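Keep in mind it's a predicted model, so treat the numbers as computed, not measured. We're numbering straight along the sequence, starting at 1.
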Amino acid sequence: MSWLWAIIVGFVLGLIAKAILPGKQHQPLWLTTLFGIAGAVLGNAVATWIGVGETKGIDWTRHLLQLIGAVVIVGLGEMMYGAIKGKRQMT
């Protein structure tokens, strides 16, 4: 069940991150989902590192850090995807 939640959360975070980033992103939806999952993992790691990984009630700080992680990773992933896709088209 945890893998299913990871995919759902990654999908939602990836879509939100794509909506936040300016311009059009050209990466496919499956890659956006993977980047969203990676952003959630990064956000969880940072939340645990600063001591807000587990709190009473809703973990707003952890969720915000997950979203920030997703925005960063989706943005970087889009740049890498564009560079790879551009190189592939040139040859």
Side-chain angles (χ1 to χ4, degrees):
M1 217 37 203
S2 63
W3 282 103
L4 180 62
W5 276 114
I7 292 169
I8 292 169
V9 168
F11 177 74
V12 171
L13 283 175
L15 289 179
I16 293 171
K18 281 182 82 165
I20 290 173
L21 290 170
K24 180 171 171 46
Q25 289 82 35
H26 301 287
Q27 62 202 10
L29 192 57
W30 65 268
L31 195 55
T32 302
T33 302
L34 289 178
F35 291 155
I37 292 170
V41 169
L42 177 65
N44 281 338
V46 171
T48 301
W49 179 62
I50 64 173
V52 295
E54 294 293 326
T55 60
K56 291 182 180 180
I58 299 175
D59 296 330
W60 292 110
T61 306
R62 181 172 54 102
H63 297 315
L64 180 64
L65 290 170
Q66 288 175 334
L67 179 59
I68 291 169
V71 168
V72 168
I73 291 180
V74 167
L76 292 174
E78 173 61 28
M79 290 189 314
M80 291 188 324
Y81 182 77
I84 291 170
K85 187 84 168 167
K87 287 182 183 176
R88 199 178 312 151
Q89 288 177 349
M90 295 174 88
T91 58

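Between Q25 and K18, the shortest heavy-atom distance links the atoms OE1-O, 3.2 Å. Minimum interatomic distance between L13 and A40 (heavy atoms only, all atoms of both residues): CD1-CB, 3.7 Å. Nearest heavy-atom pair, A47 versus R62, reported as atom, atom and distance to 0.1 Å: CB-CG, 3.8 Å. Between F35 and Q27 the shortest heavy-atom distance is CE1-OE1, 3.3 Å.
Note on L31 and L76: separate hydrophobic clusters, where clusters join Ile, Leu, Val, Met, Phe, Trp and Tyr whose side-chain heavy atoms are under 4.5 Å apart, directly or indirectly. Hydrophobic cluster membership is shared by L67 and V12, with clusters built from Ile, Leu, Val, Met, Phe, Trp and Tyr side chains linked at under 4.5 angstrom. By the rule that hydrophobic residues join a cluster once side-chain heavy atoms approach within less than 4.5 Å of another member, V71 and I16 end up as members of one cluster. Residues W30 and I73 share a single hydrophobic cluster, defined by chaining ILVMFWY side chains whose heavy atoms lie under 4.5 Å apart. Tracing side-chain contacts under 4.5 Å through hydrophobic residues (I, L, V, M, F, W, Y), one reaches M79 starting from V72; they form part of the same cluster.
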Task: D59/V52 under side chain to side chain contact (heavy atoms under 4.5 Å, CB included): CA gap, chis, key distance, verdict - done: CA-CA 8 Å; D59 296 330; V52 295; over 6 Å; no
Open item on the list: Set out, in order, the CA-CA distance, both residues' side-chain angles and the distance that settles side chain to side chain contact (heavy atoms under 4.5 Å, CB included) for L65 and I50, then state yes or no.
Closed with: CA-CA 11 Å; L65 290 170; I50 64 173; 3.9 Å; yes
- [ ] Determine, step by step, whether V74 and I20 satisfy the side chain to side chain contact (heavy atoms under 4.5 Å, CB included) criterion, reporting the C-alpha distance in whole Å, the side-chain angles of both residues, the deciding distance to 0.1 Å, and the verdict.
- [x] CA-CA 10 Å; V74 167; I20 290 173; over 6 Å; no
Open item on the list: Run L29 and L15 through side chain to side chain contact (heavy atoms under 4.5 Å, CB included) and show every step you take.
Closed with: CA-CA 9 Å; L29 192 57; L15 289 179; 3.7 Å; yes
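Within the model, atoms OG1 of T61 and CD of Q66 stand 11.0 Å from one another, a figure rounded to the nearest 0.5 Å.
Checked by atom type and distance alone, the side chain of E78 pairs as donor or acceptor with a backbone atom of H26 at under 3.5 Å.
Tested against F11 for a side-chain contact (heavy atoms from CB on, under 4.5 Å), the candidates T33, T32, L34, I37 yield a single pass: T33.
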